[in-house]
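Numbers restart at 1 for each chain; the letters A, B, ... are given by sequence-line order, proteins then strands.
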Amino acid sequence: MTNNIITLVALPLGMAFFIPMIGRKLRWAPDLLGNITTFALLVIAAGCFQKQGIYHLGGWPAPLGIVLVLDGLSSLLLLIVNLISFLATLFSVQYLEKLYTSKLRYYSLFLLMVAGMNGAVLTGDFFNLFVFLEIASIASYALVGFGCEAEELEASFKYLVIGSVASTFILFGVALFYSHFATLNMADIASHLKESGFDQISIVASVLILVGFFVKAALVPFHAWLPDAHPSAPAPISAMLSGVLIKAIGIYPLARLAYNILGMTPLLVSVFTYLGIISMMIGVLMALAQWDFKRLLAYHSISQMGYVILGLGLGTPLGILGGLFHLFNHSLFKSLLFLDSGSVEYETGTRQLEKLGQLAKKMPVTSTSTLVASLSISGIPPFNGFWSKLVIIMACLQASRPGLALWAVLGSILTLASFSKIQRYVFLGQGKDFDLEAAKQWHEVPLLMRIPLLVLTTLCLFGGIFLIGGLEGPLGPGVRALVENSTVYISKVLGR
Amino acid sequence: MIYALCFVLFLIGLYGVTCKKNIVKIILGMVIMEYAVNLFLILSGWRKGGQPPIMDSQTNMETFVSRAVDPLPQALVLTSIVIGLGVLSLMVAIAIRLYERYGTFDITEMRRLKG
């Protein structure tokens, strides 16, 4: 199975350039090929789940050549990325037909983004990580400005400038590491750091890289680009950006760096937990004040990433379990919410809460799935969001940090408040500028858009079962990949 | 010394990106930052009086190891220049489209997104 992992990068990369080649002649080709590709990727990623393996690119051994590392954590991330990307392409087929032009370029950029994310999750080489990160980021900059309206271009430019500054920081950090240790392999750098300890150069390099990834993960002092960029993209892309991109190229490298390469120090623990708390609270408070459907969701992404980084930052196995599980759940319910906002926009042509209303009767599938996702993100019992937040709060208590647990509960209550606003204005009640005449033509979205909504709703309902078994259950290998100290990671990659 | 200058160049670029109001100047700042990093990468492989790292059958191993420059940073720099070119062209393309929409390059006048 481990020989397959290169296809996770190569297949979308190849198809991204193959689709524009034949898509000009055959109008049905981009849709079909795009969906087949993402489905194939999903099958491969599901096959890789919980497997271990190393793939040497070009057959060169580990410290010299580039390696792809598949372990518990990266296989979990791969499953999330490819699941959401398949559902998003399924949703795109009819969504793009009505609202956008040029499917060819859309699928090409989409697959480039998927290739970049799969590569960034798999790679065991710092420079390679930078390259994949840039592939995913450049594709996402272009996709954010896909509509070419004034606001979209403005958001895209802002995202582009902040994102490239972050990438340059990361590259500078990588260059410092290379000039210091003369190696780019992550495990090799980790073993050098273990032997020689931290001197000034490695501290500067680690801080540069960490700051770069904080920007990519949109934690609060570094979040300014996210609330503009995520709502401006087409809805399936928003689902991809919020659902998986900030995790695959933000949270995942942070976790890998903090646990497997630098080693979790008390300083890093406090940086992670405080950033988590600040993101959580500021994100949710800003969300309360929003009147744009997607912008509100984008602020919630910041807030929920705060939970994830809080869980991961606690440094205890229970905290990491909660963080990873919340990461998984967030990708489900946030993509579902963005796809819902997409179907509302598809029917009504607006995202302003003031102009919407009474959709509960007209769009039963959309409104039910939004209800499930809202309850899930606010942490109401039977849904998946409740279980992951519960684990995070229990981990805070177990680590004897009750203050953090209190903030987490408060954030959850405020989340519920802002989602009751969506229910009130969009689905049950009506806004100030609600137009009854226009509303008569609104009805449920086509079948192909309903399928992803239903799949994600089901997963949100029964997502809690992934927690069964705790550290021995389905999430266990991911947690163990982080908890084991860096020696295990080093010996796994370098084979010594 | 030269490494410190490299870092100064990086900071000049960062200043351009963060403090300038004109889109073109922001783009230039971005380019300066990228080039500072590229320069740093190239410098990390530099050695005085080095020879090209190409081996053939007559090469003496010992002098080769003691004199050849490190070829890896040059490969890295090539990659990062190409990536920088991609980012730059996208940035310029968006800047042109923004100028069409707003009629200005001043970012203080592009304020439709708030909150």
Portion of A:L184 that has a non-hydrogen atom of chain B nearer than 4.5 angstrom: side chain
Tell me whether the rings of A:F172 and B:F40 are parallel (<30°), tilted (30 to 60°) or perpendicular (>60°). perpendicular
A:K294, NZ: over 12 other non-hydrogen atoms inside 6.0 angstrom: yes
Taking C-beta and beyond as the side chain, do B:Y102 and A:L153 meet within less than 4.5 Å on heavy atoms? no
OH/B:Y35: more than 12 non-hydrogen atoms of other groups inside 6.0 Å: no
Proximal to chain A - members of residues 72-82 of chain B, heavy-atom separation under 4.5 Å: B:L72, B:P73, B:L76, B:T79, B:S80
With respect to chain B, which residue among A:G145, A:P231, A:C148 yields the maximal number of heavy-atom pairs within a distance under 4.5 Å? A:C148
Engaged part of A:L160 at the chain B interface, taking heavy atoms whose separation is under 4.5 Å: side chain
Part of B:V87 within contact of chain A (heavy atom distance under 4.5 Å): both
Under the side-chain contact (heavy atoms from CB on, under 4.5 Å) criterion, do B:D70 and A:Y178 qualify, and how do the steps go? CA-CA 11 Å; B:D70 184 357; A:Y178 179 74; 2.4 Å; yes
So which of A:I162, A:L176, A:V174 has the biggest tally of heavy-atom pairs under 4.5 Å with chain B? A:L176
Okay, B:L98 and chain A: the region with an atom under 4.5 Å from a heavy atom over there is both
Residue list, salt bridge (Lys or Arg N to Asp or Glu O under 4.0 Å) with A:E149, at least two apart or on another chain: none
Is the NZ atom of B:K20 crowded by more than 12 outside heavy atoms at less than 6.0 Å? no
How far does OG of A:S156 sit from CG of B:L90, to the nearest 0.5 angstrom? 6.0 Å
Is it the side chain or the backbone of B:L14 that comes within 4.5 Å of chain A heavy atoms, both, or neither? side chain
Between B:R101 (side chain) and A:E151 (backbone), is there a donor-acceptor pair under 3.5 Å? no
Checking heavy atoms, do the side chain of B:Y3, its backbone, both or neither come under 4.5 Å from chain A? neither
Shorter than 4.5 Å, heavy atoms on both sides: which option in B:V17, B:I23, B:T18, B:L41 has the most such pairs with chain A? B:I23
Compare all side-chain heavy atoms of B:E34 with those of A:L171 and state whether any distance is below 4.5 angstrom. no
Counting only heavy atoms closer than 4.5 Å, note whether B:M30 contacts chain A via side chain, backbone, both or neither. side chain
Spacing of CD1 belonging to B:I83 relative to OG1 belonging to A:T168, to within rounding of 0.5 Å: 10.5 Å
